Amino acid sequence: MRGGLKLPAHKERATSSPIMRATVPAQLFVSLSKSAQLLVKHGDQVLLGQTLARDNNLAILAPASGTIKAIAADKNCVVIDNDGRETLHASIQPIDLASITPIALRERIELAGIAGLGGAAFPTGTKVRAAHERAVSLLLLNAAECEPFISCDEVLLREQADDVLLGTQALMHASGATQAVIAIENDKALAIAALHNALSQLANTSIRMRLVDRFYPTGGERQLIKLVTGNEVPSGKIPPDMGVLCQNVGTAVAVAKLVRYGMPLIERVVTVTGRGVNQSKNLVARFGTPIASLIRDCGDYVGRIDRLILGGPMMGVALDSDGHSVNATINCIIAASGDDLAPRGVEMPCIRCGECAHVCPAYLLPQQLLRFSHQHDRAALLELGLNDCIECGCCDYVCPSQIPLAATFIAAKKLQT
Amino acid sequence: MKFDTSPAPHSISSNTVRRMMLLVLAALVPAIVAHCMWFGSGLVINIVIASATALACEAIVLLLRNKPLPIFLFDGSAVLTAVLLAFALPPLTPWWITASGSAFAILVAKHLYGGLGYNVFNPAMAGYAALLVSFPVLTTRWSLPAGLTPIDLGFTQTLGVVFSGSLPNNLQWDALSGATPLASVRAGLILRSTMDEIHAQKIFGSMSGVGWEWVAFATLIGGIALLFLRVIRWQIPVAMLGSIFLCATLMAALDPGKYSGPMFHLFSGATMLGAFFIATDPVSAATSDRGRLIYGAAIGALTYAVRAWGGYPDGVAFAVLLMNAAVPLIDRYTVPRIYGRRE
């Protein structure tokens with residue numbers, strides 16, 4: 001792979017114990033966007049899996065049975081009093097993969113609120129339909145998980161490889177893909193072994209495993225596609241335009257649970273780690289669980305927390321508080337303390353050393369992008385490929401002047417629109 | 001509980017501007033030692049004078065520009081400029097020349113263009129060029145290496161010469177200074193000697209000059225260290241040295257009587273210093289790898305051209321300054337291909 005960095009993994013602490021279930025609290029705080037259309041109101045009784053809202057092509061489902069306690073004034077949070085009974089909604093019915101048609105399967109995926117669990121939470125139903133329309137032939141399962149600290153996909157592969165494969169088959173059926181490749185970094189030995197076992201038992205030759213070197217960001221879909229297929233995704237186009245559908249491992253497992261049990265997307269694996277928590281764990285957390293509750297499940301905070309990061313150290317968001325709750329986008333919480341992080345110091349002017357260009361996985365010249373960002377030169381930024389920037393932060397990492405490059409480019413992109 | 005909400009990435013490498021500058025300075029130590037062994041302690045005295053002036057000028061400008069002093073003053077860039085300027089000047093250069101060159105480098109070539117990261121021209125070379133054209137005699141009175149002069153000025157006497165401008169009693173400049181190998185070549189060719197006759201002179205030693213070849217070798221060692229430490233990348237040094245090698249080989253093959261061979265050019269004058277420490281100044285160099293190859297090769301070719309056909313014995317400073325001016329043009333035409341795009 002051209003560009004990219006070798007980063008210390010920091011994954012041993014969370015992967016040394018199996019996946020555990022997080023406590024399902026008495027109150028769940030389901031987050032919505034401001035444009036969501038609510039289908040319930042204050043005081044309604046809801047069943048587990050009942051549709052609460054439609055939020056930009058995504059169905060939001062009740063993660064527990066109970067009562068709607070409150071709805072935030074700007075409609076971006078629904079509070080449910082969990083009655084603890086876990087009463088299932090009638091729509092929760094398993095699927096017979098052999099007999100269901102692709103179109104019906106896509107509809108079930110959409111109704112179940114399945115979203116991409118790699119971090120962006122793009123509605124899977126929409127994505128698979130777009131892939132089908134473009135006649136994709138390859139399903140690329142992204143098991144690279146290249147960012148340090150995050151291990152939720154790796155542990156799913158170790159413990160639920162059968163579900164990963166079931167989900168892969170379902171996604172192939174729903175999208176029309178005839179081949180599937182599960183791409184995984186070559187140092188995840190236990191996950192590779194588990195997947196290998198599951199593959200040999202399945203004896204389905206259209207699904208293969210492919211090892212890639214451990215590098216950041218092999219998990220970027222454009223970079224992974226080039227590594228696996230040898231072709232680049234053209235600028236401005238998406239992978240289905242070249243016949244590839246990318247899906248995260250967690251998403252495949254969610255689809256498998258839909259097929260096996262009819263279960264919609266109401267929970268996900270979250271890596272909770274960092275020296276700032278007593279124990280690092282991979283927890284299955286119900287959507288709506290406050291992050292503070294997950295921290296308690298990990299033995300609470302330890303010492304001074306430098307940053308509470310949602311995601312990984314390269315692209316994650318530093319949260320202002322632990323009052324946010326789990327949703328489909330939350331793959332990892334890092335309570336960073338001690339030498340978990342090496343944050344940037346004082347910013348100096350760019351000395352034009354060019355190291356940023358050497359590590360950019362999109363082959364850009366961050367040095368020039370910085371210069372034209374400062375000058376607000378839209379035309380130059382477009383020509384130099386600002387929109388091709390994947391915001392991975394590799395340039396930031398190597399910059400001796402410690403300039404916040406990724407943040408500058410993200411802001412510059414907003415100015416372009 | 002409220003937490004710090006700084007933007008990602010939250011972990012970066014430990015490389016800083018100061019670390020890079022200090023490594024470059026450390027890599028110059030072998031060359032400084034070699035220089036002092038052959039030419040006396042003048043270089044060290046000049047380094048101190050140039051550095052002190054550079055830091056003082058930098059401090060004044062930083063205060064005027066309201067920049068935080070501790071961070072910028074000690075980032076190492078001013079001292080590095082001063083050291084490179086000191087290398088460019090003869091060891092017994094009067095102190096006021098060294099100081100004014102250093103002041104010019106920092107005040108004009110660096111800060112008038114915007115300070116660290118914004119200078120178009122290499123500050124050390126701009127300072128040296130200004131001195132060279134202003135004081136042509138005093139900046140070319142090079143000392144003879146140890147072994148070719150019976151005189152060995154001690155530290156105190158050197159200090160005296162530098163600060164007073166005159167030699168101790170009963171010493172003459174002719175006894176201690178003499179043409180460098182490159183200057184001898186130039187003078188010899190004007191007098192119509194052949195290259196073999198020129199190279200037979202004592203100053204030439206075994207390859208490219210008594211004392212000078214050792215300094216060049218020590219500089220090369222430091223430069224290779226910088227490459228391994230990844231402080232500099234290979235494109236500029238290799239392109240510059242390769243270009244000089246090719247030009248010299250070609251011309252010496254065509255007319256060996258008039259043109260020196262490649263090893264002489266590589267190990268004389270400021271070739272090694274230029275290739276690893278001067279042309280590699282990132283701020284004034286080209287941006288992309290391809291651009292840097294062109295930049296380095298052109299500097300090499302221009303250096304050779306000035307030496308062979310120009311008005312000065314060595315051409316590194318002028319070659320670098322000319323190519324500094326060409327960098328925006330080079331950058332414009334060497335933008336690398338972006339992922340997902342053709343071209």
Side-chain angles (χ1 to χ4, degrees), chain A residues 7 148 222-223 226 232-237 301 305-309 311 313-322 334 336 340-346 348-355 357-358 361-365 367-368 384-385 388 391 393 396-402 404 406-407 410, chain B residues 1-21 23 67-68 70-72 75-77 114-120 230-233 235-236 280-292 327-328 331-332 334-343:
Chain A
L7 296 174
R222 290 174 130 72
Q223 284 62 41
K226 179 154 189 188
E232 292 182 2
V233 181
S235 179
K237 299 264 191 242
Y301 293 113
I305 307 300
D306 294 326
R307 289 185 200 179
L308 187 68
I309 299 172
M314 295 301 289
M315 292 179 72
V317 174
L319 296 172
D320 58 343
S321 80
D322 56 15
I334 308 175
D340 279 338
L341 301 177
R344 69 175 72 84
V346 177
M348 300 274 280
C350 166
I351 59 165
R352 307 190 63 231
C353 67
E355 286 304 303
H358 281 114
Y363 316 160
L364 302 171
L365 287 174
Q367 187 200 118
Q368 298 288 54
L384 285 165
D388 295 291
E391 301 167 22
D396 274 68
Y397 190 86
V398 295
C399 178
S401 296
Q402 307 184 78
I410 293 170
Chain B
M1 217 191 298
K2 287 287 176 190
F3 304 105
D4 170 10
T5 55
S6 304
H10 306 284
S11 260
I12 62 170
S13 80
S14 52
N15 194 23
T16 60
V17 172
R18 181 186 299 180
R19 177 184 170 270
M20 286 174 71
M21 298 290 163
L23 282 173
K67 298 265 187 199
I71 300 151
F72 282 95
D75 63 14
S77 59
L116 180 70
Y118 296 99
N119 47 286
V120 177
R230 296 192 155 257
V231 177
I232 58 176
R233 289 202 173 239
Q235 281 82 4
I236 294 175
T280 49
D281 166 40
V283 181
S284 49
T287 307
S288 61
D289 281 348
R290 218 168 1 132
R292 286 176 177 181
V327 159
D331 277 352
R332 189 161 163 189
T334 54
V335 178
R337 184 189 73 87
I338 295 170
Y339 174 107
R341 295 197 193 177
R342 262 170 256 215
E343 125 250 13

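The structure displayed is predicted, hence computed values, not measured ones. Chain A is the first sequence line, chain B the second, and so forth, proteins listed ahead of strands; every chain is numbered from 1.
Using cut-offs of 30° and 60° on the angle between ring planes, the pair A/Y363 and B/Y339 is perpendicular.
Contact of the A/R352 side chain with the B/D331 side chain is registered, since non-hydrogen atoms from C-beta on lie closer than 4.5 Å. Using a 4.5 Å heavy-atom cutoff, the side chains of B/R337 and A/E232 are in contact. Counting only heavy atoms from C-beta outward, the side chains of B/H10 and A/D306 never approach each other to under 4.5 Å.
In terms of heavy-atom pairs under 4.5 Å with chain B, the best-connected choice from A/D322, A/I309, A/L364, A/V398 is A/I309. With chain B as the partner, the residue from A/G393, A/P349, A/A336 showing the most heavy-atom pairs under 4.5 Å is A/P349. Looking only at heavy-atom pairs under 4.5 Å with chain A, the residue among B/G117, B/S11, B/S77, B/G115 that has the most is B/S11. The most heavy-atom pairs under 4.5 Å with chain B, out of A/S235, A/C350, A/P400, A/A357, come from A/P400. The choice from A/G345, A/A362, A/G354 that makes the most heavy-atom pairs within less than 4.5 Å of chain B is A/A362. Per-residue counts of heavy-atom pairs under 4.5 Å with chain B were compared for A/Q367, A/Q402, A/R222; the largest is that of A/R222. With respect to chain B, the highest number of heavy-atom pairs below 4.5 Å among A/P313, A/C399, A/P148, A/G385 belongs to A/P313.
When the shell of 6.0 Å around CZ of B/R230 is examined, it contains 12 or fewer heavy atoms from other residues, nucleotides or ligands.
Of the inter-residue distances, the one linking A/R307 atom CZ with A/L341 atom CG reads 6.5 Å to the nearest 0.5 angstrom. Separation of atoms OG (B/S288) and CD (B/Q235) is listed at 9.0 Å; rounding is to 0.5 Å. The structure places CG of B/L116 at 9.5 Å from NZ of B/K67, a figure rounded to the nearest 0.5 Å.
Within the 4.5 angstrom heavy-atom criterion, no atom of B/R19 approaches chain A. The contact between A/L365 and chain B is made entirely by side chain atoms (from C-beta outward), counting heavy-atom distances below 4.5 Å. The parts of A/I351 that come within reach of chain B are both its backbone and its side chain, each placing non-hydrogen atoms under 4.5 angstrom from that chain. At a 4.5 Å heavy-atom cutoff, the contact between A/L384 and chain B is made by backbone and side-chain atoms alike. Heavy atoms of A/E391 lying under 4.5 Å from chain B are absent altogether. Residue A/M315 touches chain B through its backbone alone, counting heavy-atom pairs closer than 4.5 Å. Proximity to chain B involves both the backbone and the side chain of A/D320, based on heavy atoms less than 4.5 angstrom apart. Heavy atoms closer than 4.5 Å to chain B are found in both the backbone and the side chain of A/V233.
Under a 4.0 Å N-O distance rule, the pair B/D289/B/R233 does not qualify as a salt bridge.
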Item to complete: May I have the step-by-step check of side-chain contact (heavy atoms from CB on, under 4.5 Å) for B/R341 and A/D388, ending in yes or no?
Response: CA-CA 10 Å; B/R341 295 197 193 177; A/D388 295 291; 3.0 Å; yes
